[in-house]
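This report refers to the structure that appears directly beneath it.
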Amino acid sequence: MDSLASMELASGWEFKRTDDVSDTWLPVQRVPTEVHVDLLDNGQITDPFTDLNELSARWVGEHSWTYRTAFASSDKHTLPNATTDLVFKGLDTFATVSLNDTEIMRCDNMFVEHRVSVGSLLKPPESGDRNTLTIVFDSPRRRGLELVEAHPEHRFIVHQTEISRGPVRKAQYQWGWDWGPILLTSGPWKPVLLETYLTRIDSVRADYTLSQDLAMVEVSISVEVVGGKFCNSLEAELALHGQQVLKVVVPEIDQRGAEGEGVLRKHTTTFAIEKPEIWWPHGYGSQPLYDLEVRVLAEDTTTVLTREKKRIGFRRAELIQEKDASGQSFYFRVNNVDVFAGGSCWIPADNFLTRITPDKYYDWVKLAREGNQSMLRVWGGGIYESDAFFDACDRLGLLVWQDFAFACANYPAHPEYLQSVETEARQNVGRLRHHPSLIIWAGNNEDYQIVERYGLEYNFEGDKDPQSWLKTDFPARYIYEYLLPKVLSEESPGSIYHPSSPWGNGTSTTMKVDPTVGDVHQWNVWHGEMRPLQNLPNMGGRFVSEFGMEAYPHVETLAAAVSDPAQRYPGSMAMDFHNKAIGHERRLLTYVAENFRVRTELEAFTHLTQVMQADAMSWAYKSWRRQWGGRAAAIRPCGGVLVWQLNDSWPTVSWAVVDYFLVKKPAFYAMKRALQPLAIGVAREFHDWTARPADRLWQRDTGHVDPTKSRRDVTFDVWVSSSRLEPLTGEVVLRFVSVKTGEDVRDRLTRAVTIEPNGTTDIYTGHSITSQDQGAGLPSSAAEMEPFVIYVTLWIDGKQISCDTSWPEPIKYLDLADRGVELKYTEEDNSIEVSAAKPVKGLVFSERKGVTLSDNGFDVIPGEEKKVVQVTGIEAEELDWTFVQQ
């Protein structure tokens, strides 16, 4: 933006605890900042990300903190007819702002930007005196508790944390979560600016309608100008790839408002573009972005008073919710193409938000794209993500699901709170609406589950009066079903809105997963009933927006979290402290013990949790993607899968598939394989060996182990999932490889296939291998059994495109010693060639920060193409590696 003077107040700040009677001020390296970062820089606290140091830093959130800086005025600040504003892009959270000892503003919402006219308060430049800007930040916890006391009419309920977060408009995860620490930050977390101008653009809005055939787009540019009495005309220019597409000149700007009150002028101009370049999710097309620049011209029609730039993209987006034989669909259609939304849930990438640079945002989004992910869901307990995050998603073609900033609570709805929420929503919708990657807004995360669990008043069909909702013990219904959709319709017409995640269209908003309608959070693996991970294929829904399985990060990341080598063992105090999940000790070990021979050395246990998590991702993603269906099925039973979660906010043990340092766990690669454009899948019928009689309602057999049954009757399915938009022909090859010997136990099966576009092609369904197929006679003991791996490959034009394996479950019953693994290293391209004499389960290279592998956490089958892994960031021979039962 052009202005007479614009200065970011980034340096020269200092801070102290407000009640510090010694009046000792400490330096601040830069603003934006947070108090914990400044305390760390000044040696006042130890790193809360290491060991148990979080506990020794919790006092920070109990106190008030004062920041101040001094700056000189300039002659431009006192020019006639000029306006000088202090602009606060974001203050965290309860802030009182003073300029030269005069209070100018109070803030109680972290997500709101503020602009205050201060020209009359500035000291004259000729005086030589400096202006003092002071911001006092109250304790968010203490203020939250005060607000709870001030509103006894409301039933405050929060999950995960203490009650003080309920009435506070602040990133909710900072009270701690089941994957993150309690670090209640304060400070100027976004830039502080001093701006002087005659005219400024208050907002630029680009609404558009893309025709059904994608051949024409009608664009409406709306511009609001403050100080418009000094301007004459407006120009809007659109460019693509550096070349001007069109230029629109508006000779006179409409005026409304009164002189002397800060004239606001508004104009809307509409134009059409024929054959526009269309923005696509990656894998379906390119991501062209148009550069929009709006300029306000002075009366001489050549002088630019101010300008605003945005990058926009054109695409059609629909959420398809149609009645069908399975209930009601839930999937996205982009540019008339149905898109399976395979991806991840996203939490803030750091507990200290000011540490996340634009480059780091880009690296995260690039990593998701490299993993064949097409959607990121920005979870409601975090923030309305930064422009840098959305810019990266625009450039790289990731779709974004953005929750409004509510999570796991019964929020209040008194008038002051509603006013704050409306301002928050309007500002953030206005800031983000031009991003083509942003495809859906959801009202909250899991708040309707609070309704069911605590029996709050909710009559979806019988009560349609928003005002009456405010009188119930669930007044936030007014926010999710009236206020937020109203704001969206006014600020971003045509945007897709979903009242909550999960949500079943009013008929199923409960903790009990309804697979027939809406989106579901499937937590009966890990949480809830703790079902075996092998049950995941039968536990999906129309759109699975959360599910997950925990795993340790790689050992080097664990060392960053736990500095004492004596504490680096599973179950140590420090290790348990870095796993915030309730009951993780029992849950994690239960799942490991159900599937593998338990080893408790740190490296071995880490590996087992990682292979288990990767297996869960493989079961879920390949099976639920199979339910995408296709033209032949006429319905799409599952429209997308988003794992909880992609990332971490600190070095920890969690459900993340990539750790805090952007180091990928094997589960990331399992998802990458399952989400590749053409992915073959195989699964044998699962006979649960852990079932108790009471559990048989959701089991497919008695649950008793019958080793002879798996010997004489193995039933399996093979299918191909495709996101390609054209049919393809190829060949599917099946092998049945002995776990004991590495030899084939029967002849290969080969089948020519025509692969359906953008859907699932079943190759074998319920195919059985009987005792006759394997030879006569049944084993008299487990030692005589001949377990085998089913290995399938997809070939197109003589090239192997995809592969998959199905192992006899559980792995712990198998003897996987003496596998004959061989690694060959090639210096020219720093690669590793992997082969084996017998089937290998879960070969994992131990990754670390700054190291990138092309693949990891894979099985190795003898007699197949040798697995080649490309390595960057380290010499390939330096990588440690292991496999199950090494």
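For this chain, numbers begin at 1 and follow the sequence in order. Please read all numbers here as calculations on a predicted model, not as lab measurements.
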(Q) Against the six-membered ring of Phe668, is Lys664 placed for a cation-pi contact (under 6.0 Å from the centre, within 45° of the normal)? (A) yes
Q.
Just by distance, no angles: are the side chains of Gln321 and Ser329 close enough, under 3.5 Å, to form a donor-acceptor pair?
A. no
Q | Check: Trp619 main-chain N/O paired with Ser623 side-chain donor or acceptor under 3.5 Å | A | yes
Q: For the residue pair Ser344 and Trp346, confirm or rule out a side-chain donor-acceptor distance under 3.5 Å.
A: no
Q) Do the side chain of Gln287 and the main chain of Trp280 share a donor and acceptor less than 3.5 angstrom apart? A) yes
**Q.** Ala679 versus Ala674, closest heavy-atom pair with distance
**A.** CB-O, 3.7 Å
Q. Around Glu601, counting heavy atoms of other residues, nucleotides and ligands shown, do more than 12 lie under 6.0 Å from its CD?
A. yes
(Q) Ring of Phe340, cation from Arg626 - is the NZ or CZ under 6.0 Å from the centre and inside 45° of the axis? (A) no
Q.
Determine whether Ile832 and Leu879 satisfy the following criterion, side chain to side chain contact (heavy atoms under 4.5 Å, CB included), listing intermediate values before the conclusion.
A. CA-CA 10 Å; Ile832 308 170; Leu879 285 173; 4.2 Å; yes
Q | Salt bridge Lys622-Asp804, side-chain N to carboxylate O under 4.0 Å | A | yes
Q: Output yes when Asp855 and Lys672 qualify as a salt bridge under the 4.0 Å nitrogen-oxygen rule, no when they do not.
A: no
Q. Is it true that the side chains of Glu786 and Ser738 contain a donor and an acceptor less than 3.5 Å apart?
A. yes
Q) His521 and Ser545: side-chain donor and acceptor closer than 3.5 Å? A) yes
Q: Can you measure from OG1 (Thr760) to CH2 (Trp719) and round to the nearest 0.5 angstrom?
A: 9.0 Å
Q) Counting only heavy atoms not in Asp797, do more than 12 sit closer than 6.0 Å to its CG atom? A) no
Q: Measure from the side-chain N and O atoms of Asn335 to the backbone N and O of Val337, and report whether any donor-acceptor pair falls under 3.5 Å.
A: no
(Q) Before we go on, tell me: are the rings of Phe605 and Tyr552 under 6.0 Å apart, centre to centre? (A) yes
Q. Checking ring pair (Phe, Tyr, Trp, His ring centres under 6.0 Å) against Phe547, which of Trp624, Trp644, Trp655 comes through?
A. Trp624
Q.
Any donor-acceptor pair under 3.5 Å linking the side-chain atoms of Gln676 with those of Ser802?
A. yes
Q.
Students often mix this up, so state it plainly: with edges at 30° and 60°, are the rings of Phe332 and Phe330 parallel, tilted or perpendicular?
A. perpendicular
Q: Locate the shortest heavy-atom distance separating Val737 from Gly742; write the atom from each residue and the value.
A: CG1-O, 3.5 Å
Q | Main-chain N/O of Ala837 paired with Arg819 side-chain donor or acceptor, under 3.5 Å | A | no
**Q.** Aromatic ring proximity Tyr791/Trp807, centre distance under 6.0 Å
**A.** no
Q | Gln885 (side chain) donor-acceptor with Leu816 (main chain) under 3.5 angstrom | A | yes
Q. So, Arg542 side chain and Arg636 main chain: donor-acceptor pair closer than 3.5 Å or not?
A. yes
Q) Taking 4.0 angstrom as the limit, do Lys665 and Glu847 come out as a salt bridge? A) no
Q) Does the side chain of Thr715 come under 3.5 Å of the side chain of Ser768 through a donor N or O and an acceptor N or O? A) yes
Q | Test item: Asn535 side-chain N/O and Arg531 main-chain N/O as donor-acceptor pair under 3.5 Å | A | no
Q: Tell me whether the guanidinium CZ or amine NZ of Arg751 lies under 6.0 angstrom from the six-membered ring centre of Tyr764 and within 45° of its axis.
A: yes
Q.
Salt bridge or not between Lys841 and Asp615? Use side-chain N to carboxylate O under 4.0 Å.
A. yes
(Q) Quick check against the 3.5 Å criterion: does Glu864 have a side-chain atom that pairs as donor or acceptor with the backbone of Ile861? (A) no
Q: Determine the minimum heavy-atom distance between Asn856 and Val844, stating which atoms define it.
A: OD1-CA, 3.3 Å
Q. What are the two closest non-hydrogen atoms of Arg597 and Leu608, and how far apart are they?
A. O-CD1, 3.5 Å
Q: May I ask you to decide if Gly766's main-chain N or O and Asp717's side chain share a donor-acceptor pair within less than 3.5 Å?
A: yes
Q.
For Trp628 and Tyr331, take the angle between the two ring planes, folded into 0 to 90°, and tell me which bin it lands in: parallel under 30, tilted 30 to 60, perpendicular over 60.
A. perpendicular
Q) Okay, side chain of Gln645, backbone of Asn647: is any donor-acceptor separation there less than 3.5 Å? A) yes
